[in-house]
Amino acid sequence: MASVDLRDNNLLGISWVDSGWVPILNPGNVLDYFSERSNPFYDRTCNNEVVKMQRLTLEHLNQMVGVEYILLHAQEPILYIIRKQQRQSPTQVIPLSDYYIIAGVVYQAPDLGTVIGSRVLSAVHGVQSAFDEAMSYCRYHPSKGYWWHFKDQEERDAKAKPKSKKKEEPGSLFQRQRVDTLLLDLRSKFPPTFYQPKPGEKPIPVEVKKESEPPVELVKQEEREPATKTSAPAPPSSKPPPEKRARLQ
């Protein structure tokens, strides 16, 4: 339940509901529901309040002059439309405002001028926002002049271009030869002990042939040969031989 100051003339932005009445609303009691004292849309100086205090029927409203409320349309159980009007004679009335009740919630229907003003204001706001956004993309330079710079343009271009995979650079000739040499060296030092002809078959042991050791005499001879080769004869002296003297007898 909501309480609103009746001095506020703009009632288009508020609504009112009494949850106790919602399950039992029908065309016969909807005017009683609308005439609750907490309803900000209800005018207590209307003819409906006079008829209610005198315990008369609503048919007596046609014989009175002033503000009154009537049920204009009913679509049970969810929609009811109530009209506020100024009665001047039994056959002449002036509509003042309409109220619609949807699922027990009361709203005031806006007039035509309010609807047009709201739509025009929304359109102007959209146009102004578009101009502001367009101005944010405008750039100027004395040497280049005016141009458009969109923030998302670079991201769109990046997404549109397919991502190219980086090619792995092949190894150089020196690297390949060096790797092959290292692999051969490792294989000679640590030969495989088993050999598997096909995947899933039982491995076959490999016979490793041991190299025969050279005889001890041959090793000693090889050790001596470098020593003799390294010791070269001394070059002849450049001094002349000493002169021979005759012995005195």
Side-chain angles (χ1 to χ4, degrees), residues 1-137 150-152:
M1 192 177 296
S3 59
V4 180
D5 190 359
L6 294 177
R7 293 174 295 179
D8 188 3
N9 295 325
N10 187 13
L11 301 177
L12 297 175
I14 64 172
S15 62
W16 175 84
V17 62
D18 189 348
S19 57
W21 281 81
V22 174
I24 58 174
L25 274 182
N26 56 65
N29 62 5
V30 67
L31 284 176
D32 295 333
Y33 171 64
F34 190 82
S35 63
E36 285 287 329
R37 289 187 174 274
S38 59
N39 184 7
F41 304 106
Y42 183 68
D43 186 2
R44 296 186 182 87
T45 62
C46 63
N47 294 337
N48 298 67
E49 195 71 15
V50 176
V51 171
K52 186 177 180 181
M53 288 189 297
Q54 294 179 2
R55 297 183 180 180
L56 301 175
T57 60
L58 296 177
E59 296 176 356
H60 290 80
L61 293 174
N62 297 332
Q63 307 300 327
M64 302 175 67
V65 177
V67 178
E68 63 182 20
Y69 294 92
I70 63 169
L71 178 61
L72 184 65
H73 177 75
Q75 183 179 346
E76 295 185 74
I78 191 172
L79 176 64
Y80 302 94
I81 299 177
I82 296 175
R83 170 167 289 179
K84 179 182 181 181
Q85 59 188 11
Q86 178 75 31
R87 181 170 291 278
Q88 296 180 350
S89 67
T91 58
Q92 185 179 5
V93 294
I94 300 175
L96 299 178
S97 58
D98 292 336
Y99 305 91
Y100 55 94
I101 304 174
I102 300 178
V105 184
V106 183
Y107 305 91
Q108 181 176 350
D111 57 289
L112 182 60
T114 305
V115 173
I116 294 176
S118 176
R119 296 297 175 86
V120 171
L121 183 62
S122 300
V124 171
H125 177 71
V127 172
Q128 184 66 34
S129 300
F131 275 109
D132 294 341
E133 186 174 0
M135 289 298 296
S136 65
Y137 298 134
F150 298 100
K151 298 178 180 178
D152 301 336

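All figures in this text were calculated on a predicted structure; none of them were measured in a lab.
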With a 4.5 Å cut-off on side-chain heavy atoms, are Cys46 and Tyr42 touching?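 Touching, per the 4.5 Å side-chain cut-off.
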
Does a side-chain heavy-atom distance below 4.5 Å link Ile82 with Val106? no

Partner residues of [X] under the side chain to side chain contact (heavy atoms under 4.5 Å, CB included) criterion, sequence neighbours left out:
X	value
Ile94	Gln86, Gln88
Thr57	Glu59, His60
Val105	Ser15, Val17, Tyr107
Arg55	none

Ring centre gap for Trp16 and Phe34 strictly below 6.0 Å: no

Over all heavy atoms of both residues, which pair between [X] and [Y] is shortest? Give the atoms and the distance, please.
X	Y	result
Ser35	Lys52	OG-NZ, 3.6 Å
Asp18	Tyr33	N-OH, 3.1 Å
Gly104	Leu25	CA-CD1, 3.9 Å
Ile14	Pro40	CD1-CG, 4.0 Å
Gly20	Pro23	O-CD, 3.8 Å

Separation between CD of Gln54 and CG of Asn47, rounded to the nearest 0.5 Å: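 So the gap between those two atoms works out to 10.0 Å.
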
Separation of Asn48 CG from Leu58 CG (nearest 0.5 Å):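 Reported to 0.5 Å precision, the distance equals 6.5 Å.
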
Run the numbers on Met64 and Val50 for side chain to side chain contact (heavy atoms under 4.5 Å, CB included), then give the verdict. CA-CA 10 Å; Met64 302 175 67; Val50 176; 4.1 Å; yes

Contacts under 3.5 angstrom, residues 67-77 side chains, donor-acceptor by atom type, not counting sequence neighbours:
| unit_1 | atom_1 | unit_2 | atom_2 | d |
| --- | --- | --- | --- | --- |
| Glu68 | OE1 | Arg87 | NE | 3.3 |
| Glu68 | OE2 | Gln85 | NE2 | 2.8 |
| Glu68 | OE2 | Arg87 | NE | 2.8 |
| Glu68 | OE2 | Arg87 | NH2 | 3.0 |
| Tyr69 | OH | Phe41 | O | 3.3 |
| Tyr69 | OH | Asp43 | N | 3.0 |

Whether Ser136 side chain and Glu133 backbone form a donor-acceptor pair below 3.5 Å: yes

Is the backbone N or O of Asn26 less than 3.5 Å from a side-chain atom of Asn29, with the two atoms forming a donor-acceptor pair by type?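 Confirmed, Asn29 side chain pairs with Asn26 backbone.
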
Listed by chain and number, what are the side chain to side chain donor-acceptor pair (under 3.5 Å) partners of Thr114, not counting sequence neighbours?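 Expected list: Asp111.
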
Take Tyr99 and Arg83 through the side chain to side chain contact (heavy atoms under 4.5 Å, CB included) test and state the conclusion after the steps. CA-CA 6 Å; Tyr99 305 91; Arg83 170 167 289 179; over 6 Å; no

